[in-house]
Amino acid sequence: MCGIVGYVGKKQAVPILLDGLSKLEYRGYDSAGIAVMQNGEISIRKSKGRLAVLREKLEAGNPISGVMGIGHTRWATHGEPSDTNSHPHLSRSGRFAVVHNGIIENYIKLRQRLTEKGFEFISETDTEVIAHMVEYYYNGNIIETVAKVTERLEGSYALGILCADMPDTFVAVRKESPLIVGIGEGENFIASDIPAILSHTRDVYFLENNEIVMLSADKVDVYNLDGEIIEKNPFHVDWDISAAEKGGYEHFMFKEIMEQPNVIRDTIQPRIRNGKIVLDDISLTADYIKGINKIYIVACGSAYHVGVVGKYIIEGINRIPVEVAVASEFRYMNPVVDDKTLTVVISQSGETADTIAAMREAKRLGSRTFAIVNVVGSAIAREADDVLYTWAGPEISVATTKAYSTQLTAIYLLSLYIAQELEQLDDEQFRMHIETLEALPDNIAKILDNKGEIQYAASQYYNAKSVFFLGRTLDYAVALEGSLKLKEISYIHSEAYAAGELKHGTIALIEDGTVVVALCTVKKLFEKMLSNIKEVKARGAVVIAIAEEGHTEIEKEADHVIYIPKCGELAIPSETVVPLQLFAYYIASLKGLDIDKPRNLAKSVTVE
Ligand code: G6P
């Protein structure tokens with residue numbers, strides 16, 4: 001969802017901006033643009049489509065030079081993707097250029113007022129009002145001006161602003177949309193995310209809401225809205241740039257699928273010491289946990305699917321009631337939450353607007369908040385009462401895989417931590433759970449070794465019109481994720497169904513050649529799944545079954561069987577999901593689709 005990069009230094013800005021934007025492509029975009037200070041004037045190039053189109057425009061006789069500039073990839077919200085609606089947007093006189101990530105909710109009112117004052121609008125965007133407002137309020141002091149403008153903006157924004165009066169300084173500000181500052185030697189940067197600047201510097205500031213930053217080649221000053229300088233502590237990024245690059249794989253998604261054994265190990269290992277769960281910096285005490293009346297898990301997309309599995313894990317281990325809600329519903333549903341409810345929010349990016357809003361709603365209702373987050377220093381990580389990081393490293397593919405898997409293991413760790421604090425399990429049971437967790441990385445590596453089999457199944461069905469994923473309890477929870485993976489990247493219609501519910505209507509859709517992926521890993525429900533497979537086969541479906549090693553009787557019923565290693569029941573979703581990720585990946589690959597950047601999707605959804 002929109003990406004921002006800004007540069008000031010001694011080098012040519014254009015290649016740095018384009019390179020930075022390319023590192024933000026994963027966020028999803030449909031147009032791109034840059035503004036560069038060239039001989040005291042602002043020059044702009046922008047175009048609809050991929051960055052390559054903008055690059056061509058710049059190379060084909062329309063270059064710009066200059067050592068300071070801002071760049072943007074736009075994911076359309078207000079106004080269709082077009083050259084005109086792309087950012088940067090200029091103010092009336094052309095003295096100010098603005099890039100924006102977020103949504104200005106009161107832009108219609110602001111636009112009306114500006115129109116009354118004689119400003120003309122050339123785009124349909126909410127962003128253009130900001131460019132005109134900066135010009136309208138400009139009094140020679142850019143910090144005061146930006147403060148004045150932002151006080152009048154409602155909604156979310158990260159802004160980068162060039163001003164022709166300041167040939168070697170630019171400013172940026174944020175509220176609710178992410179923005180970091182990269183601190184280099186004789187050069188400084190802004191960006192929506194760390195990978196955009198990581199080849200230049202590892203020292204960053206995380207800007208807080210309403211902080212304004214002023215950057216020149218040798219100086220970075222951060223101000224509050226009253227114009228006072230704020231002291232910031234730089235954060236040193238210690239992960240490697242190669243972690244954010246493809247490392248020889250054709251797609252980030254495949255690389256990230258293959259990384260799962262390692263990142264799950266990274267998430268688990270430091271948290272298990274001498275057979276105990278150690279969650280550093282988590283302040284949930286036994287007394288607090290004893291008083292919990294329920295746990296609410298709130299998240300969006302795949303992170304929500306982790307929550308659906310999480311309900312089974314937490315209730316299974318701790319017998320504490322768990323409710324799961326999608327964040328965009330939770331925030332408006334008047335949930336029954338009070339100071340005895342623990343709200344667990346799950347988010348890869350830590351910046352999903354609905355999840356942030358849901359977390360704030362839970363806090364308002366008195367709930368303690370516990371975040372499971374991947375991106376260090378993100379909004380959710382900063383605002384939650386406790387944070388358990390998933391240490392998955394940067395995830396670039398829009399369709400999540402390794403972040404989902406590490407979130408699952410984080411939920412398992414949290415459940416065991418609660419059990420340990422409440423002394424709920426006997427030593428033998430506890431040890432069994434720890435062993436289950438510790439065995440996961442190797443088990444997943446085995447599934448990955450067997451990927452040829454899944455590739456073969458995908459090659460048989462990549463032209464399917466519709467795919468159903470069936471399962472019961474934990475398998476149903478994983479089916480939700482398998483189905484989402486397939487539709488996001490292959491654009492094949494797909495549904496996940498609780499296998500026992502199929503006969504209440506949906507079975508009418510099963511016909512000759514319909515592909516059914518049947519998840520049969522829950523031991524006590526294995527026989528029931530066999531019956532469900534028979535039901536769909538009788539109506540012409542072809543069935544790919546996922547089962548635990550040893551359950552060979554399934555080969556009599558299913559057309560293909562993918563086996564996964566034996567594993568403690570509550571951890572089995574961590575295994576089952578892997579063949580489903582690969583299945584979706586191979587199908588999208590066979591269809592020749594843009595796997596890492598599927599149409600219409602964004603990695604980090606920072607608007608409501
Ligand atoms: C987007 C992504 C999904 C992700 C969801 C929640 O829709 O495309 O893959 O699951 O947002 O994102 P979060 O960063 O909060 O986990």
Side-chain angles (χ1 to χ4, degrees), residues 1-3 24-29 75 77 101 156 176-178 192-194 252-253 256-257 263 297-310 324-331 343-360 369-384 387-408 410-411 477-478 480-491 496 577 580-581 584-585 588 594-608:
M1 191 139 293
C2 300
L24 298 176
E25 279 189 296
Y26 72 89
R27 297 169 67 84
Y29 73 106
W75 189 80
T77 56
N101 170 22
S156 59
E176 312 301 351
S177 293
S192 301
D193 199 358
I194 292 171
F252 280 111
M253 184 179 178
E256 288 159 5
I257 290 174
V263 293
I297 306 183
V298 184
C300 300
S302 297
Y304 164 74
H305 293 160
V306 171
V308 181
V309 179
V324 192
V326 285
S328 53
E329 287 295 302
F330 178 91
R331 59 188 290 195
T343 304
V344 175
V345 293
I346 309 177
S347 174
Q348 187 286 128
S349 61
E351 299 289 351
T352 303
D354 282 319
T355 311
I356 295 174
M359 181 176 76
R360 289 183 186 153
T369 54
F370 185 101
I372 295 176
V373 172
N374 193 38
V375 176
V376 176
S378 55
I380 293 176
R382 289 198 305 263
E383 284 186 35
V387 188
L388 183 58
Y389 282 113
T390 49
W391 304 132
E395 191 179 62
I396 306 296
S397 160
V398 167
T400 178
T401 51
K402 62 174 181 171
Y404 170 92
S405 295
T406 51
Q407 287 162 355
L408 272 188
I411 282 279
V478 182
L480 292 169
E481 178 62 6
S483 169
L484 179 64
K485 278 293 81 81
L486 185 71
K487 55 192 147 203
E488 341 184 63
I489 60 168
S490 76
Y491 316 144
V577 75
L580 305 187
Q581 296 167 342
Y585 172 80
D594 192 354
I595 294 183
D596 287 331
K597 296 186 283 285
R599 70 183 181 207
N600 304 342
L601 300 185
K603 180 73 183 160
S604 169
V605 181
T606 50
V607 296
E608 183 175 347

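Residue indices begin at 1 and follow the sequence shown. Read the numbers this way: they start at 1 and go in the same order the structure lists the ligands and their atoms.
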Review point. What is the closest protein heavy atom to atom 5 (C) of ligand 1, and at what distance does it sit?
Key: C300 O, 3.9 Å
**Study point:** Interfacing atoms of ligand 1 (cut-off 4.0 Å, heavy-atom, S347)
**Key:** 13 (P), 14 (O), 15 (O), 16 (O)
Review point. So, does A399 sit close enough to ligand 1 that a heavy atom of it is under 4.0 Å from the ligand?
Key: no
Study note, to complete from the structure: Check: of V605, I372, V398, min heavy-atom distance to atom 3 (C) of ligand 1 comes from V398
**Study point:** Closest approach of any protein heavy atom to atom 12 (O) of ligand 1, naming residue and atom
**Key:** T352 OG1, 3.4 Å
Study note, to complete from the structure: Quick note on ligand 1: atoms under 4.0 Å from a heavy atom of S302 include exactly 10 (O)
Practice item. Determine whether C300 and V326 make a side-chain contact, defined as any pair of heavy atoms from C-beta on separated by less than 4.5 Å. Key: no
Point to revise | Residue pair Q581 / Y585, side-chain donor-acceptor N/O under 3.5 Å | key: no
Exercise for review: Give a yes or no on whether a salt bridge exists between E481 and K487, defined as a side-chain N under 4.0 angstrom from a carboxylate O.
Suggested key: no
Exercise for review: Give yes or no for whether the N/O distance cutoff of 3.5 Å, strictly under, is met between T355 and ligand 1.
Suggested key: no
Practice item. Taking the side chain as every heavy atom from C-beta outward, state whether T390 and I372 have any pair of such atoms under 4.5 Å apart. Key: yes
Check your understanding: What do you reckon, does A299 put a non-hydrogen atom under 4.0 Å from ligand 1?
Key -> no
Study note, to complete from the structure: Closest heavy-atom pair, I396 versus K603, reported as atoms and distance to 0.1 Å, is O-CD, 4.2 Å
Point to revise | Residue list, side-chain contact (heavy atoms from CB on, under 4.5 Å) with V308, at least two apart or on another chain | key: Y304, V324, A477, L480
Point to revise | Region of K603 engaging ligand 1 - heavy atom pairs below 4.0 Å | key: backbone
Review point. Looking only at atom types and distance, does a side-chain atom of K402 sit under 3.5 Å from a main-chain N or O of P394, one as donor and one as acceptor?
Key: yes
Practice item. Identify the protein heavy atom lying closest to atom 1 (C) of ligand 1, giving its residue, its atom name and the separation to 0.1 Å. Key: A602 O, 3.5 Å
Could you pull out all donor-acceptor pairs under 3.5 Å where a side-chain atom in residues 351-359 meets a protein atom, sequence neighbours excluded?
unit_1	atom_1	unit_2	atom_2	d
E351	OE2	A379	N	3.1
T352	OG1	S349	OG	3.4
D354	OD1	R331	NH1	2.8

Practice item. For Q348, take its heavy atoms, then give the atoms of ligand 1 lying under 4.0 Å from any of them. Key: 13 (P), 14 (O), 15 (O), 16 (O)
